[in-house]
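Step one of this worksheet: look at the structure below.
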2 protein chains.
Amino acid sequence: MDDIDYSLLKQMAVTIGEAAKITDIPIRKLRYWEDKGYIKSVEEQAHTTRRFDYYMVKKIVLMKELIEDGYTVEAASQKVEVRMGELRQVFDNLTRK
Amino acid sequence: MDDIDYSLLKQMAVTIGEAAKITDIPIRKLRYWEDKGYIKSVEEQAHTTRRFDYYMVKKIVLMKELIEDGYTVEAASQKVEVRMGELRQVFDNLTRK
DNA sequence: TAATAATTGGAGATTAGTTACAAAAGGAGT
DNA sequence: ACTCCTTTTGTAACTAATCTCCAATTATTA
């Protein structure tokens, strides 16, 4: 199996519509979650529209599972952050270059 | 390191504008390459606009290198396909589910 | 220089995404 | 039921992004 190019993966950020399709969460709800700070889109001055990278889409998927299991949005967000610790660090390090 | 979720990765398809930024190839040229069949966007009835998945963006990056090295677009496309054999199969298999 | 490959331009239309204001459900505790 | 807070949803008016289809231009090579 070819190794995944993490630097490239980091750049593969999808639109909110795409993220909504992938995660099966309404666009409107994703915007709300972002307003509340539970998720965040890629920050780039060049972008006038939102983009979500692999890490964030994965986070949304995991949050959804926890929420369906009874967790609040807030709690789900925190739990997922902890659980995804390693991947988050990889993505964070890639940003600082 | 967390393992990458290939099923999710497969779905992380970016717009043509995003692909253009990532690869530093003009949108217009990407459309031309697609017209000629050197690259192809995700086929989904739901999409009225183009989307390129990780495999295809990676292919574009590699094609670009070969072209800068003197290969024709056609030759670069073929060479990259061979070189990316394993990854292509992974993506192909994910499609058939 | 003729033929093919490769790239680029732009008009006019459509689709996707934005913010901002507001309203409606839902849940927990009193 | 009532209150407070969380969570979700609706919509209008606007901007950004992408689309197709026409064609023209610039290499490159026989």
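Below, chains carry the letters A, B, ... as their sequence lines are ordered, and counting in each starts from 1. As a basis for the values below, the full set of heavy atoms in this structure was taken, side chains included, without hydrogen atoms, waters or symmetry mates.
- Looking only at side-chain heavy atoms (C-beta outward), B:Phe52 and B:Thr15 stay at 4.5 Å or farther from each other.
- B:Val14 pairs with exactly one of A:Met12, A:Arg51, A:Glu18, A:Gln11 by the side-chain contact (heavy atoms from CB on, under 4.5 Å) rule, that one being A:Met12.
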Protein proximity profile, nucleotides 16-27 of chain C - base contact B, sugar-phosphate-only contact S, no contact -, cut-off 4.0 Å on heavy atoms: SSBBBB------

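- Within residues 33-40 of chain A, no residue has any heavy atom under 4.0 Å from DNA chain C.
- Cluster membership for A:Leu87 and A:Ile4, using ILVMFWY side-chain heavy atoms within less than 4.5 angstrom, is shared.
- Rounding to whole angstrom units, OH of residue B:Tyr32 and C1' of D:dT26 are separated by 12 Å.
- Defining each end axis of the helix from C:dT1-D:dA30 to C:dT30-D:dA1 as the rotation carrying four pairs' C1' atoms onto the next four, with five pairs an end, the two axes are found to diverge by 40° to 10 degrees.
- A:Leu66 places its CG atom 14 Å from the P atom of D:dT7, with the value rounded to the nearest Å.
- If you take OH on A:Tyr55 and CE on A:Met84, they are separated by 5.0 Å, rounding to the nearest 0.5 Å.
- Under the 4.5 Å side-chain heavy-atom criterion for grouping Ile, Leu, Val, Met, Phe, Trp and Tyr, A:Val73 is not connected to A:Val61 through any hydrophobic cluster.
- Using modelled atom types, one side-chain atom of B:Lys64 and one backbone atom of B:Thr23 make a donor-acceptor pair closer than 3.5 Å.
- The separation between B:Tyr71 atom OH and D:dA27 atom P is 23 Å, rounded to whole Å.
- The residue from A:Lys29, A:Arg50, A:Arg28 that alone fulfils the salt bridge (Lys or Arg N to Asp or Glu O under 4.0 Å) condition with A:Glu34 is A:Arg50.
- One atom, CG of B:Leu30, and another, P of C:dA6, lie 15 Å apart when rounded to the nearest Å.
- Put simply, B:Leu8 and A:Ile25 are part of the same group of oily side chains (I, L, V, M, F, W, Y) that touch within less than 4.5 Å, one to the next.
- Distance B:Glu74 CD to D:dT28 P: 18 Å, rounded to the nearest Å.
- Between the side chains of A:Ser77 and A:Lys36, not a single donor N or O lies within less than 3.5 Å of an accepting N or O.
- Between A:Phe91 and A:Tyr54, the ring planes lie parallel to each other; the angle is under 30°, not in the 30° to 60° tilted range.
- A donor-acceptor distance shorter than 3.5 angstrom exists from the side chain of A:Asn93 to the backbone of A:Gln89, with no hydrogens or angles considered.
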